[in-house]
Amino acid sequence: MIFVVVPALNALRYSLTRWDGLGEPVWVGLRNFISIWQSGSVFINALKHNLFLMFVPGLFVLTLALFFAYTIHQRIPGARLFRVAFFFPNIISSVAIALLWVLIYSPTKVGLLNNIRLFFHHLFSHRLFSHIRHFFHAPEAYPFTAYPFTESSHLLWAVVPMMIWSATGFYMVLFLAAMENIPETYYEAARLDGATATQLFFRITLPLMWDVLTTGIIFLVVGGLKVFDAIWIMENSHPNEKTHTLATLMYTKVFEEYNIGYGTAIAVLLFVLVLLATLLSFRLLRRERLEY
Amino acid sequence: MPTPKFNVSSGIRYVILVVYLVVVVFPLLWVFYTSAKNTQEIYNQPFGLPKIITHPDAQSLATLQTNYRRAWVDNHFGMYFINSIKVVSISLGGILLLGSMAAYVLARFEFRGRNFLYYLFLSGLLIPMQLILIPLFFQYSSMSEFLTRTFAPLARSLGMGELTVSLHDSHEGLILIYIAASLPFTVFTLTAFFRTLPSEIREAAQIDGASEYRIFFSVMMSLAKPGLVTVAIFNFLGLWNEYLFGLVFLNNNALKTLPLGLASIGMQAQYKSDFGLLFAGLVIVMLPTLAVYSFLQEKLTRGITVGAIKG
């Protein structure tokens with residue numbers, strides 16, 4: 001309790017003060033919250049980045065995880081291998097994952113993606129493709145330039161594949177567990193009635209695993225609000241207004257700008273957002289619970 | 001749902017799965033085998049196999065050793081590793097002991113305020129750790145002062161010299177947070193687990209004259225082993241990879257855990273393009289969790305399964 005409840009209450013207290021961490025906190029009422037909305041840009045931008053990192057990767061993760069779970073559930077050969085391998089990224093330190101993807105995106109000769117681009121560059125420079133180049137009015141030869149994938153201006157997009165890569169396996173295992181829990185007889189009965197595979201999925205599988213799907217969505221939403229490590233590492237611990245998330249902004253405000261009141265106000269809003277998002281997801285996604 | 005009919009659509013789906021398998025596994029393999037190459041080799045042929053596989057000789061072995069020696073000794077990964085082992089194992093011990101005791105009491109005994117206590121633990125699941133991070137940081141100063149004032153006279157009278165407790169920049173401080181932060185999930189999971197154990201067992205042990213402590217430590221703990229293992233795996237993975245709390249609470253390089261060490265060295269290695277070191281460091285951080293996962297993979301996924309079904 002000393003470690004969770006007391007600090008949580010203290011957070012509320014700090015968020016109403018102006019404090020540099022050394023002198024006495026000065027009571028300022030709601031001024032921190034007001035300045036968050038007024039100065040707007042930094043906080044609102046960070047919030048937008050969080051929403052982006054919640055929805056864009058989340059959508060891909062859910063779709064892919066459902067697709068993989070559904071396919072693996074059909075007892076395809078190598079199902080176990082897929083299940084074990086896809087889960088692998090989930091157990092790796094987020095710091096290691098971020099550094100690994102910095103290497104993958106690297107504009108130096110090591111960068112995996114730029115090497116793939118280089119490969120296609122060479123391929124299309126080959127004279128076999130001269131007709132195609134001619135057709136598209138492309139120049140005969142142009143120098144290859146490495147693309148800086150992790151530039152601040154589009155870093156958030158670069159984080160998307162990384163998040164998909166690291167998260168999909170977990171949700172796949174989660175959904176697979178739910179699918180395996182659905183009794184076989186339902187499918188047999190439906191198939192006797194002439195249901196197609198699509199119908200089986202949307203009429204039986206999805207409704208009967210709705211609870212687990214809801215859990216998954218809430219995990220993704222809350223996870224998107226809390227993103228810190230990925231941005232922090234990829235931005236070399238100096239995110240800017242184009243890349244800050246709520247958590248990195250909070251850290252920077254408190255531990256680099258010594259603006260504890262403001263930073264804590266962000267933390268309080270983060271908590272409120274997590275709570276709201278959780279309740280809202282429950283509300284929106286609630287269906288009649290199907291017992292089976 | 002066995003419908004192993006082969007048709008075009010299932011073929012396409014299979015191909016997609018195999019492609020994704022490559023996307024997931026190749027980067028990991030790449031990290032492992034590249035850690036056996038020196039920076040020059042990495043630059044010349046970023047994706048070629050290392051000489052230790054193609055032409056195993058004394059020199060290629062020396063390259064491998066150089067990378068790991070530079071990471072482990074010169075760049076202190078060995079020290080970070082030991083710090084991580086220490087912090088994570090003590091935290092895990094505390095979490096399992098406190099968590100199982102709290103969960104057992106909450107699951108098996110009727111008393112006033114039980115529900116209140118249970119929901120207090122649950123509220124910890126909803127409160128994001130980022131909220132308590134900053135207040136805890138400042139709270140630690142007054143807590144350290146208080147502990148020093150309380151225990152310094154005792155230490156003096158025991159002849160242990162001057163004692164100053166500092167939770168800032170110390171493993172003790174980090175361990176306390178780790179335990180506190182992990183307890184809500186642990187208590188929640190273990191309470192559900194203890195509730196599934198039949199209460200007749202406790203009654204039988206009581207009739208045999210076992211004390212409550214005996215019942216808990218020798219009967220219940222052994223019955224709860226599967227639950228404890230699951231909780232231990234999840235907490236191990238979470239704490240071994242934890243970054244933000246460490247970043248806030250540890251400044252002294254000699255105390256840093258692996259993710260912190262990797263982050264600072266990784267960010268420098270980017271600038272210096274010291275890829276040999278970076279790849280070796282990545283392997284050192286990834287290996288323990290990969291090992292745990294390989295050995296306990298079934299238990300881990302079953303843990304998720306049980307959680308999923310219970311909601």
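Chain letters run A, B, ... following the sequence lines, proteins first, then strands; residues in each count from 1. Worth saying up front: this structure is predicted, and the values here are computed from it rather than measured.
Considering Leu290(B), Val25(B), Thr289(B) as possible partners of Phe88(A), the one that fulfils the side-chain contact (heavy atoms from CB on, under 4.5 Å) test is Leu290(B).
Within the 4.5 angstrom heavy-atom criterion, no atom of Ser166(A) approaches chain B. Residue Ile92(A) touches chain B through both its backbone and its side chain, counting heavy-atom pairs closer than 4.5 Å. Only the side chain of Val254(A) has a heavy atom closer than 4.5 Å to any heavy atom of chain B. For Phe255(A), the part lying near chain B is the side chain, with the backbone staying farther off; criterion is any non-hydrogen pair under 4.5 Å. Only the side chain of Val274(A) comes within contact range of chain B, with heavy atoms under 4.5 Å apart. For chain B, the nearby part of Tyr251(A) is the side chain; its heavy atoms alone come within less than 4.5 Å. With a 4.5 Å cut-off on non-hydrogen atoms, Asn115(A) touches chain B through its side chain but not through its backbone. Only the side chain of Gln297(B) comes within less than 4.5 Å of a heavy atom of chain A; its backbone N, CA, C and O stay farther away. In this structure, chain A has heavy atoms under 4.5 Å from both the backbone and the side chain of Val18(B). In this structure, no portion of Leu183(B) lies under 4.5 Å from any heavy atom of chain A. Contacts of Trp30(B) with chain A are made by side-chain atoms alone, with heavy-atom separations under 4.5 Å and no backbone atom involved. Looking at Leu112(A), both its backbone and its side chain come within 4.5 Å of chain B, counting heavy atoms on both sides.
The nearest pair of heavy atoms linking Trp165(A) to Val23(B) is NE1-O, 3.0 Å. In plain terms, the two heavy atoms of Ala85(A) and Leu21(B) that are nearest each other are CB-CD1, 3.4 Å. In this structure, Pro46(B) and Lys109(A) approach most closely via the heavy-atom pair CG-O, 3.1 Å. Residues Ile233(A) and Ala263(B) come closest through the heavy atom pair CD1-CB, 3.6 Å. For the residue pair Ser93(A) and Val285(B), the shortest heavy atom distance occurs at CB-CG1, 4.0 Å.
A donor-acceptor pair is defined here as one N or O able to donate and one able to accept, closer than 3.5 Å; such a pair exists between the side chain of Tyr14(B) and the backbone of Pro77(A). Within the 3.5 Å criterion, the main-chain N or O of Ile91(A) finds a donor-acceptor partner in the side chain of Asn241(B).
Using a 4.5 Å cut-off on side-chain heavy atoms (C-beta onward), Met250(A) and Ile134(B) make contact. Side-chain contact between Asn90(A) and Leu237(B): absent, with no pair of heavy atoms (C-beta onward) separated by less than 4.5 Å. Using a 4.5 Å heavy-atom cutoff, the side chains of Leu244(B) and Trp232(A) are not in contact.
Under the 30°/60° scheme for interplanar angles, the aromatic rings of Phe228(A) and Tyr243(B) are found to be tilted. Between Tyr20(B) and Phe68(A), the ring planes lie tilted relative to each other; the angle falls in the 30° to 60° range.
Tyr178(B) pairs by the side chain to side chain donor-acceptor pair (under 3.5 Å) definition with Glu242(B), not counting sequence neighbours.
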